[in-house]
> 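Pasting in a structure now, in structure tokens, and then I'll have a few things to ask.
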Amino acid sequence: MDPILKGLNDKQIEAVKAVDGPVLVISGPGSGKTKALTHRVAYMMANGINPGHILALTFTNKASAEMRDRIQNLLKRRMDMPTIGTFHSVGLRILRREIGALGYSENFSISDSDDQLALVKRIMGELEIDPKRYNPRTMLNKISKLKTALVSPESYQPKDFTEKLVAKIYRLYTDELKRMNMLDFDDLIVLPVRIFKERPRVLAKYHAQWKYILVDEYQDTSHDQYQFIQLLAQKNRNLFVIGDDAQSIYMFREADIRNILNFQKDYPDAKVVLLEQNYRSTQNILAAAQGIITNNKSQFPKTLWTDNSQGERIVVKETLNERAEANYIISQIAAGLRQGRYLHDFTVLYRTHAQSRAIEEALITKGLPYQIVGGIKFYERKEIKDILAYLRFIHNPTDTLSFERIYNIPPRGLGPSAYKKIMAVREKNIFEAVKKTTADETKPDTPLKKFQKLMEDLRQTASEKPLTKTIGHIVEKINYEEYLKTLTVVKNAPENLEERMENIQELKTVARGYDGLDPDEGRGRFLEEIALLQDADRTKDETPRVNLMTMHSSKGLEFPVVFIVGMEEGLFPHARSVYQPHEMEEERRLCYVAITRAKERLILTHTKYRNIYGTTEVNLPSRFLAEMPQDTLDYQFLDPNGDEEIIKYEI
DNA sequence: CTGTCGTTTATTTTT
DNA sequence: TAAACGACAG
């Protein structure tokens, strides 16, 4: 037997060996999906398929990196690696070569979601649309929805008044982005699709290159991603998709579960493999998960099974309030630690970020180290965004969004009126517009003139010095630390200042990798790369910590002991999902995902009283509890003398 | 232009 | 509860 197939079960082997033609693999939680995927790629390479002909698409950088690592480890000798990347990075790679066809210039930059929102707000301001009546965020969502549905501003047929507004904003939004030579995230998929459709010869080039295509997390693909895949795969038809419809939890982000459900319609000759053996969880945990998910209508029929032991019952614990809930969790962690578990064996999952507060407070009181996974991302921090905005404006002076961000940060006496003046005379290049505006000013040292001089100086440095030097120079020249001080003094949080300066240091560490390049090119690559990175790989210390995260961020992970807190109607399922059946089903899948993170021990908690937005709510236990087979559960109801709870759990 | 004050609103978010 | 935003006075 091929050594690469060793350690795989029959189904996994089937998935690995079906190299030619369309293949759909439905992989249950803990069924060795990544194993199947990576072994398949290694198998293909070991059997003479040119790695250059293989394209593997993932959703996250993390998944890409893991796949690359594991494939490398499977190979006997060093070989060229296939193209492995996120949808967006592969889209970007294509655009870098092909975007000329659409009339953009090649030094385009990529806007982040804050930029997008700022742009929509600006446009709505110009159109005098009341942002209270029409939420800019909602409008942006609608635009993004249209884009992912591949509806262009030209082809959009608005029906009612609101849609007509959306159409207007959408059109201006698109024009303005193009004018700034900027792309949004959606464009990284949508534009390659357009090029493929309009330029068969370009598409043919990619057909010749990528003859084998693999897609991870196929259930999460949106319509544009679906088109992207279909176009690339239509010639050779060697399309391997793997995923789990039951774990689709990103519908709200345009994931279209029909893509996976209809794969066999798209490819009637598709080979279908079900990975149903679970290597992760106890029988009880699996039974609970299965019990939940069977309440959903549309899904791929499958039954998970495991050779693992039955395991202990799932604890359903009722507590008085969220403080007692947190204390209970800590008591359970303490008990686990006494039995030899480590802090990182424990994970607390919640539906909304707001719920982490009570848990954190309890952990801090008891001095237990923890880490929040997800939450505020590195590149979303103000100090990072500020510095990056300077870099982006230096790099692309047509980027009015970055200009908008920095022209008065730190405060230098520039405001809306100065901004209007500049925008009035702008062609494309804002830096030139600033020059034009200052030319009319008679006084010698106006704030705008100072700004102009500052930017000239920064641009000079940026074009000559390595990237880290430039960053240091920016921070120094704009007196950024002083500015941060004024911010943190107001909020009375000096520890914040230190942390923020450390973050800037961290940014420099990332930038160092580009110092060796030509300054302009290095800056470009740096900005491009971090546009696609949502979190920096910061080298964390190795202290074991309790993990806290939303159920969404837990997808793909596993832990010996999992707590799911807030198992209450209104919270989980979330109140906003209850009335829409398809949203209710998504909540249920989320529950399925959360439960199946647990390997050995699962504890579900709900409270009688919960403080929410400052008012106390009385919540019923979540309906999901009733949907689990009751013989897998161990109910622990609230002691009638509820007050004692908090004391009882002291450790 | 800047800072303060009151009002509003509140999921999840791989890029 | 608290953050985020817009209105308004200095």
Side-chain angles (χ1 to χ4, degrees), chain A residues 57-66 85-92 110-113 116-117 121 125 130-132 135-137 141 144 148 183-190 216-217 219-222 224-225 243 247-255 322 349-355 357-358 373-377 379-380 407-408 410-419 446-448 486-487 490-491 528-535 549-557 566 570-578 580 583 586-587 589-591 593-594 610-616:
Chain A
L57 293 166
T58 69
F59 276 88
T60 66
N61 295 302
K62 197 178 151 203
S64 279
E66 192 188 355
T86 62
F87 278 96
H88 291 83
S89 73
V90 172
L92 174 61
I110 299 163
S111 69
D112 64 29
S113 41
Q116 290 173 262
L117 189 60
K121 280 182 185 163
D130 182 5
K132 280 196 182 116
N135 185 309
R137 182 159 265 125
N141 280 342
S144 180
T148 44
L183 308 180
D184 65 16
F185 281 128
D186 296 328
D187 288 332
L188 297 179
I189 313 294
V190 172
D216 189 17
E217 306 278 20
Q219 78 282 354
D220 287 337
T221 48
S222 51
D224 54 337
Q225 289 162 335
Q247 292 183 71
S248 160
I249 54 173
Y250 285 108
M251 247 169 50
F252 71 95
R253 275 203 72 226
E254 300 313 305
E322 71 274 3
L349 302 181
Y350 36 78
R351 177 68 241 263
T352 67
H353 289 294
Q355 290 168 261
R357 186 80 168 258
V373 179
I376 323 133
K377 313 263 163 38
Y379 291 109
E380 284 170 8
Y407 75 94
N408 202 33
R412 53 171 70 91
L414 294 175
S417 78
Y419 176 75
T446 65
L448 192 59
T486 61
L487 288 188
V490 176
K491 296 202 167 171
E528 208 165 71
E529 179 173 336
I530 59 185
L532 297 185
L533 229 58
Q534 45 96 48
D535 210 351
M549 67 189 87
T550 63
M551 299 181 209
H552 281 90
S553 349
S554 76
K555 196 171 129 197
L557 306 174
L571 242 193
F572 190 43
H574 197 276
R576 294 178 90 123
S577 312
V578 175
Q580 292 247 317
E583 288 187 27
E586 177 141 316
E587 292 286 295
R589 290 191 294 268
L590 184 58
C591 188
V593 167
R610 185 175 292 273
N611 266 11
I612 207 151
Y613 309 137
T615 54
T616 303

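Chain identifiers are assigned alphabetically (A, B, ...) following the order of the sequence lines, protein sequences preceding nucleic acid strands; residue numbering begins at 1 within each chain.
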> How would you label the contact of A:T58 with the nucleic acid (heavy atoms, under 4.0 Å): base, sugar-phosphate, or nothing?
nothing

> State whether A:N408 places a side-chain N or O below 4.0 Å from either non-bridging phosphate oxygen (OP1 or OP2) of B:dT2.
yes

> Quick one: A:L57 CG to B:dT14 C1', roughly how many Å, whole number?
13 Å

> For A:S113, answer base if it contacts any base atom (sugar-phosphate contacts may also be present), sugar-phosphate if it contacts only those atoms, and nothing otherwise; contact means non-hydrogen atoms under 4.0 Å.
nothing

> Between A:K377 and B:dT14, is there a side-chain N or O to OP1/OP2 distance below 4.0 Å?
yes

> Take the protein atom CE of A:M251 and the nucleotide atom P of B:dT12, then report the distance between them rounded to whole Å.
16 Å

> To the side chain of A:R357, which of C:dC5, C:dA2, B:dT13 is closest?
C:dA2

> When the ring planes of A:H88 and A:F185 are compared, do they come out parallel, tilted or perpendicular, using 30° and 60° as the limits?
perpendicular

> With a non-hydrogen cut-off below 4.0 angstrom, is A:F87 in contact with a base, only sugar-phosphate, or nothing?
nothing

> Show me the protein contacts with nucleotides 8-10 of chain C, counting only N or O atoms at under 3.5 Å.
none

> Are A:K377 and A:D112 within salt-bridge range, i.e. N to O under 4.0 Å?
no

> Measure from NZ on A:K555 to C1' on B:dT13 and round the result to the nearest Å.
11 Å

> Does a side-chain N-to-carboxylate-O contact under 4.0 Å join A:R351 and A:E587?
yes

> May I ask you to verify if any side-chain N or O of A:R576 is less than 4.0 angstrom from the OP1 or OP2 atom of B:dT12?
no

> Which part of the nucleic acid, if any, lies within reach of A:L590 when heavy atoms closer than 4.0 Å are counted: base, sugar-phosphate only, or nothing?
nothing

> Is A:H552 stacked on the base of B:dT12, meaning ring centres closer than 5.5 Å and planes within 30 degrees of each other?
no

> Treating A:Q355 as the side-chain partner and A:T352 as the backbone partner, does any N or O pair qualify as donor plus acceptor under 3.5 Å?
yes

> Taking atom CD1 of A:I189 and atom CG of A:D184, what is their separation to the nearest 0.5 Å?
11.0 Å

> Please state how far atom NE2 in A:H353 lies from atom C1' in B:dA10, giving the value in whole angstrom units.
13 Å

> Tell me which of A:P416 and A:D186 sits closer to the 5' end of DNA chain B, going by the nucleotide each one is nearest to.
A:P416

> Side chains of A:Q116 and A:S113: any donor to acceptor distance under 3.5 Å?
no

> Send over the distance from A:D130 CG to B:dT8 C1', rounded to a whole Å.
13 Å

> Is A:Y613 stacked on the base of B:dT9 when the test is centres under 5.5 angstrom and planes under 30 degrees?
no

> Send over the distance from A:I612 CD1 to C:dA2 P, rounded to a whole Å.
14 Å

> Can you tell me how far apart CD (A:Q219) and CD1 (A:I249) are? Round to the nearest 0.5 Å.
8.5 Å

> Between atom CG in A:L414 and atom P in B:dT2, what is the gap in whole Å?
8 Å

> Taking the nucleotide of DNA chain B with the nearest heavy atom to each, does A:Y419 or A:T60 sit closer to the 5' end?
A:Y419

> Could you state the atom-to-atom distance from CG of A:D220 to P of B:dT13 in whole Å?
13 Å

> As a test of reading the structure: which of B:dT11, C:dG6, B:dT13 is closest to the side chain of A:K132, going by heavy atoms?
C:dG6

> Distance check, rounded to the nearest 0.5 Å: A:M251 atom CE versus A:R589 atom CZ?
5.5 Å

> Under 4.0 Å: is that the gap between some side-chain N or O of A:S577 and OP1 or OP2 of B:dT12?
no

> Would you mind classifying the nucleic acid contact of A:N61 as base, sugar-phosphate or nothing, using non-hydrogen atoms under 4.0 angstrom?
sugar-phosphate

> Scan A:P411 against the nucleic acid and name what it touches under 4.0 Å (heavy atoms): base, sugar-phosphate only, or nothing.
sugar-phosphate

> Among B:dT13, B:dT12, C:dA2, which nucleotide has an atom closest to any side-chain atom of A:R351?
B:dT12

> Evaluate the ring planes of A:Y407 and A:Y419, with Trp represented by its six-membered ring, and classify them as parallel (under 30°), tilted (30 to 60°) or perpendicular (over 60°).
parallel

